[in-house]
Each structure stands twice: as structure tokens, then as C-alpha cells.
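Notes for the one structure printed next.
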Amino acid sequence: MRAKYVLSEVFLGLWRNVTMTIAMIITMAVSLSMLGASLLLYWKVQDMQDYFNTKVEMSVFLKTGFTQDQKQQLATELNNDNRVAKLQFESQNQAYQRFRTEFKDAKDLVDSTKPEALPASFRVKLKDPHQYAEVQADYKGKPGVESIVNQQQTLDKIFSVLNGIQNLALVVAIVQGLAALLLVANTIQVAAYSRRREVGIMKLVGASNWFIQLPFVLEAVFAGLIGAIISFVVLAVAKAFLLDKTLSGIFTAGIIPPISWNDILLTLPLLLLVAAVISAVTGWVTLRFRLRT
Amino acid sequence: MIQLENVTKTYPRATRPSLEGASAFIEKGEFVFFIGPTGSGKTTIIRLLLREETPTSGRVVVNGRDVANMHSWKVPAFRRSIGCVFQDFRLLPNRTAAENVAFALEVIGKSRTVARRVVPEVLELVGLGGKENRYPHQLSGGEQQRVAIARAFVNRPLVLLADEPTGNLDPDTSIEIMRLLDRINRTGTTIVMVTHDSNIVNQMRRRVIEIDTGRIVRDQPRGVYG
């Protein structure tokens, strides 16, 4: 009976105040979508970092006219450097072969490039991917070295863009979250006001505090959960139509690992939890101020 | 049993205390009038006894419980031992007489079976047999107050507090309400009634405690309005 009473109060309350309820759900949904998006981005950036850390290399390109002495000297130095995990020399000819296979679709480009145009290089792999900048600086001015290209730098640029997007999503999530918070507080106050007679009598006859407050808190939690489900649908639709269709090129190129349905599904319990906790806490705190004794 | 021990209540930002050094002892089963002009502090007493307010200093004991030092989470259970009626009845307009009484039972967790058994009984007791399904607007003022009394009494409280219960009623209806309260008093329920209706006080000839500007100026068994 009590459960039935509480539930009917919840739905009656939400319905009586339906415009506010809708506003609350929409704000909640936007906030949670952004939260979900930034969460997905965060996971992806972690994945990428782990993935590329095992792959990233540094290329030490040699001047066209380098001497065997210079090459030998560099090889010894790099071999003795205990930061280096793997070292491989690529001659001009090997570089040309690789160039031809990599660009076999661009026949004109391959035809117009002579083997001498491609520099010989040392391909260096480090034990600790964070040391590339340091090692790069150490070898920059060595005799015979033309330039050093560090893949980590390129990756860092990609990561900083992704981090920027993630932070932006997080900021929007927080701002919208605040708006949702205020709407929850307001909705509950309006609900409490519209039922002040009942609340007054309940207090007078000694209904327990949780019994008085539960319908209001559940109202907020219910709206929050609907918001979470909507935000989940938004994320799923965004994956299906935006990521899988429009941006599929990036994923197939292997630069960014694709966001799987598993990842999307994993956000649902988190979004539900965040929505429920935020609504419940806000509702409860609001009522503490409104319904005192 | 109600005990006021040197009770002072000063509301925030008030220039003088609403109640100052008030002491009184009310036995179980007594019928007591608190009288005095508007603003004398009568209603403050009701609010203290209901634990809607706590005293600034002094002790308030109701049914053996020290109200001033009561934890707020214990207040609901405490209030179940007290019934309360007001000048403005405080009924829910969208519920019938029976539903208004049942509401008070349901929100403290009594089952519907209990309500179905107890509600007609108590409505019969207050003289509303046959009017269970009327809405407040279909009832006269006196009848509405009877519903409120039924709601206050349905839990068989030890104490019934009445804040100007006849304030909105004509003299004849007021007398009927007083007869009802008297009957309830005879069941052993302590009744504390705040009023400034001199007719009623003079007719009932019960204990009268007079308050003036926050101080108890008279405490007289079988008193009159004066």
C-alpha cells in the first residue's frame, strides 16, 4: 500500500509540473550526453596511448653525403645508449624500396622520385616512450645527422586535440549539470509547495521524514534516470550515424581505434548512476531546507 | 502528563519573549484551557508541546518525553502520541471525510485493513455517521471540525491539543464541539485547549491558565474567563 501510495505521488507530482519535468529531463540528458562523450574520449585516448607507446619510433635521418665513419660512430653511440631498446639502419636503397611499396598507388610520384632523394636513417625505438624528446635533443647536432623526426611529437598533437575536445565536453557537461541541479532543486520546491497541505498534515500526525520526502526525491531520481536513458540513446545514435558513417575514414586508417558498441554500452550504468545520485542528493538537500520540522 | 518548567521562548528578531518563565503541571486526563488576548503567547505553548518549536530555556515534558532535547528524527514517533486540531480545520479538500481520516493513518504506516475498520468507528464517535463520503466543502464548519477531531483522535493519542477549535464556528456549533471534546476527555485523553472564547470557558468550568504578555498570571481549577 505504501509503495503504491509513494509511486502514485511520484507520477502525480511529475505530471502536475510537466513543463518543469521536461526541462529537467532535457537539461539532464544534455549534461549526461556530454559527460558520456567525454568519458568515451577519455577511454579512447587511454587506449591510443597504450597502443602507440608500443609502436612509436624515432627516425634519425643522415645527411646525403654522410661518411661511413660518421655512420659507424652514430651506430656505436646509439647502441651504447641504454635508453635505446632497438636500433635498425635503413639505407637509401631500402628506404626507396619501402617508399615504392607504401606509395604503390601513386605511380607518378614513385616514378618521379629517385632513390638518392630518400635519406638513409637509423630507426630508433626507446625503452621508455617519454624519453624521445630528450634523446632527440642529445643527437640533434651530431656529425652526419640531417634531422630527427620523432613520431611522439605528432602523436602528442593528436592527443592534445583529443584532450581539448574531451575537456570541452566535460565543461559543457558541468555547466549543464549545474543547470540540471538547479532545475531539480526548483522542481522539488514547486512540488513541495503544491503539496504543502498534505506535507503539513503528514508532519502533524507524525509521518516519518523519509515517508514525507521519498516521493519528492523519487520524482527527481525518476526524471534523472529518464535523462540518463535519453543521453544514452543520443550517444548510441551519434555512434551509429556520426562516427560509423561520416568519420569512418579515420578509424579504418587505424589512427584512432574505433568506439565499439561495448564502450557505448558501458556508459549506460555510469550515466544512470550519476543521474540517480545527483538527483537524489540534490532533492534530499533541497528538502532538508524546505521541509524542516 | 504535561510539564512546563520555567519555560521561556524568544523568537528570533522578536523584541520580547513570547513566553517568559512559564511553569505548569498538567495531570493525565485533565482538561485545561489556556486563555489570554491575541499575542499573549497561547499559541506558542501549543507549538512547544507539538515540538514545532523548542524553548529558548526551560523544560517541556510531554508524555514523559523531554521535548526540548529530543532528536529531530524522534519527533515523528513522538507526534503519533499527540492529536491536534486547529481553528482552520486543515482538511484536504480533495478527499472525503473518511479519506481525510484514513490519510492520517496511512502516512504513519497503518494498513488499509486497519483504516477500513477504524475510520467508520471514529467518524461515528464524532457524530458523522452517514457522512463519511462527503467532501469538506459539502460539510458545515462544525462538521469539518468534527472530521479534524476524528483525524486527531483516530490514533487514540494521550494528549489532544486544540488551538482555538471553535474560532471559526457560531456559538451553538461551538458548544457541540465542546461536548465532543468533553466526551473525548472522559476516555482519559488529556486535553489542552487554547481559546479566547469566554462563553465556552465559563460554561465548561474547567482548569484555566491565563497568560498575559508571555507570563502565566492565573492558574485556577474550575475557573472562568474572568
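Letters go in sequence order (proteins before strands), and every chain restarts at 1. For the numbers below, each heavy atom of this structure counts, side chains included, while hydrogens, waters and symmetry mates do not. Bear in mind that the values here come from a model prediction, so they are computed numbers and not experimental data.
- Two residues are said to be in side-chain contact when any heavy atoms from C-beta on lie closer than 4.5 Å; B/Pro93 and A/Arg197 meet this criterion.
- Between B/Glu52 and A/Leu204 there is a side-chain heavy-atom pair separated by less than 4.5 Å.
- Heavy-atom minimum distance, A/Ala207 versus B/Pro76: O-CB, 3.6 Å.
- For the atom pair CZ (B/Phe103) and CE (A/Met202), the distance works out to 4.5 Å, reported to the nearest 0.5 Å.
- Looking at B/Arg90, its side chain never comes within 3.5 Å of a backbone N or O of A/Ile201 through a donor-acceptor pair.
- Heavy atoms from other residues, nucleotides or ligands lying under 6.0 Å from CZ of A/Arg196 number more than 12.
- Around the OH atom of A/Tyr42, the shell of radius 6.0 Å holds no more than 12 heavy atoms that belong to other residues, nucleotides or ligands.
- You'll find the side chain of A/Ile212 stays beyond 4.5 Å of the side chain of B/Val107, heavy atoms only.
- Counting non-hydrogen atoms of other residues, nucleotides and ligands closer than 6.0 Å to CH2 of A/Trp284 gives a total of 12 or fewer.
- Within a 6.0 Å sphere centred on NZ of A/Lys157, other residues, nucleotides and ligands contribute 12 heavy atoms or fewer.
- At a 4.5 Å heavy-atom cutoff, the contact between B/Leu91 and chain A is made by backbone atoms alone.
- Here the closest non-hydrogen pair linking B/Arg80 and A/Val205 is CG-O, 3.6 Å.
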